[in-house]
Amino acid sequence: MFGKFITFEGGEGTGKSTQLKLLAEYLSSQGIEVITTKEPGGTEVGQELRKLLVCGDKDKFDATAEALLYFADRRIHLTQKVWPALEQGKWVLSDRFADSTVAYQYYGYNKKLSKETLENLYKIAVGDFRPDLTFILDIDPKIGLARSFAKAEGMTVKETRFESRQLEFHENMRRGFLEIAADEPKRCVVLNADKNIEDLHQDIIKELKERLDIK
Ligand code: TMP
């Protein structure tokens, strides 16, 4: 028996991590075995890649180099953690997956690398595997970025490489997520993330029950 793979996507400061944790608690309370994870950095090696990717100067690599590093992290994440857990029947909730690469490295950078390159990288690193369900948490980037910078204030290692990009990058990336959802409406559900935590959690449970046929 295989578990389900559910991903959470969206821009900065949408509250993905909080919602992922709440959903994991809900699923456990329903007797479902679940693990939570994230990209980049869902594995020990991935943590090293995460540091390279999210810290430091925003122009230290171009979109192609970034996409390659995100797919390397993804491949390690899938083979070491996600696939083994699914094979054991566990459900896996991931804070970001491949839609983030399309939204950030393709749409965010104004399509500087081709969609075909990304599709080829996906085939090499991931094959035919797809999430069973993807929640795209949508928020005006001005609100999301303010939340994200407020959170970074208290951190010793500042993970603000992407936050420090121009608003235009974030607006392109938001449009990208909405286009991904429009192309794959069966897999993706877009939710308004500009609401309180509990209401958003209830929206997520409602969609999950409708789409994955659980009680
Ligand atoms: P996080 O802050 O949500 O953990 O994500 C780390 C950063 O990495 C965030 O700014 C989004 C970015 N990112 C990409 O640009 N491409 C990707 O494929 C992934 C997974 C994340």
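Values below: every heavy atom of this structure, side chains too, minus hydrogens, waters and symmetry copies. Atoms within each ligand, like the ligands themselves, are counted from 1 in listed order.
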In terms of atom number and element, which parts of ligand 1 are under 4.0 angstrom from non-hydrogen atoms of Ser100? 16 (N), 17 (C), 18 (O), 19 (C), 20 (C)
Relative to each other, are the rings of Tyr109 and Phe169 parallel, tilted or perpendicular (30° and 60° limits)? perpendicular
Looking only at distance, does Asp95 have an N or O less than 3.5 Å from an N or O of ligand 1? no
So Phe71 and Val126, do their side chains get closer than 4.5 Å, heavy atoms only? yes
Just checking, Arg174 and Phe177: is the charged tip under 6.0 Å from the six-membered ring centre and within 45° of the axis? no
Looking only at heavy atoms of Glu12, does any of them come nearer than 4.0 Å to an atom of ligand 1? yes
Relative to atom 8 (O) of ligand 1, which among Tyr70, Tyr104, Phe71 owns the nearest non-hydrogen atom? Tyr70
Starting from atom 1 (P) of ligand 1, what is the nearest protein heavy atom, named by residue and atom, and what distance separates them? Arg96 NE, 3.6 Å
Does a side-chain N-to-carboxylate-O contact under 4.0 Å join Arg161 and Glu66? yes
Please walk me through it: do Asp99 and Arg187 pass salt bridge (Lys or Arg N to Asp or Glu O under 4.0 Å)? CA-CA 11 Å; Asp99 296 323; Arg187 173 174 71 83; 2.9 Å; yes
Taking only residues two or more places apart in sequence, or in another chain, which ones meet Lys38 in a side chain to side chain contact (heavy atoms under 4.5 Å, CB included)? Gln47, Arg50, Asp95
So, 4.0 Å and heavy atoms of Leu53: is ligand 1 close enough to count as a contact? no
Option nearest atom 18 (O) of ligand 1 (shortest heavy-atom distance, choices Asp73, Thr101, Asp99): Thr101
The atoms of ligand 1 lying under 4.0 Å from a heavy atom of Arg74, numbered in the order shown, are 18 (O), 20 (C)
Greater than 12 external heavy atoms within 6.0 Å of Lys81's NZ: yes
Out of curiosity, is Glu66 lining ligand 1, as in a heavy atom under 4.0 Å away? no
Looking only at the aromatic ring of each residue, does the gap between the centers of Phe129 and Phe5 stay below 6.0 angstrom? yes
Identify, for atom 16 (N) of ligand 1, the protein heavy atom at the shortest distance, and state residue, atom and that distance. Gln105 OE1, 2.9 Å
Identity and separation of the nearest protein heavy atom to atom 7 (C) of ligand 1: Val54 CG1, 3.6 Å
Relative to atom 2 (O) of ligand 1, which among Glu9, Arg50, Lys38, Lys16 owns the nearest non-hydrogen atom? Arg50
Give a yes or no on whether Lys195 atom NZ has more than 12 heavy-atom contacts from other residues, nucleotides or ligands under 6.0 Å away. yes
Whether Arg161 lies under 4.0 Å from ligand 1, heavy atom: no
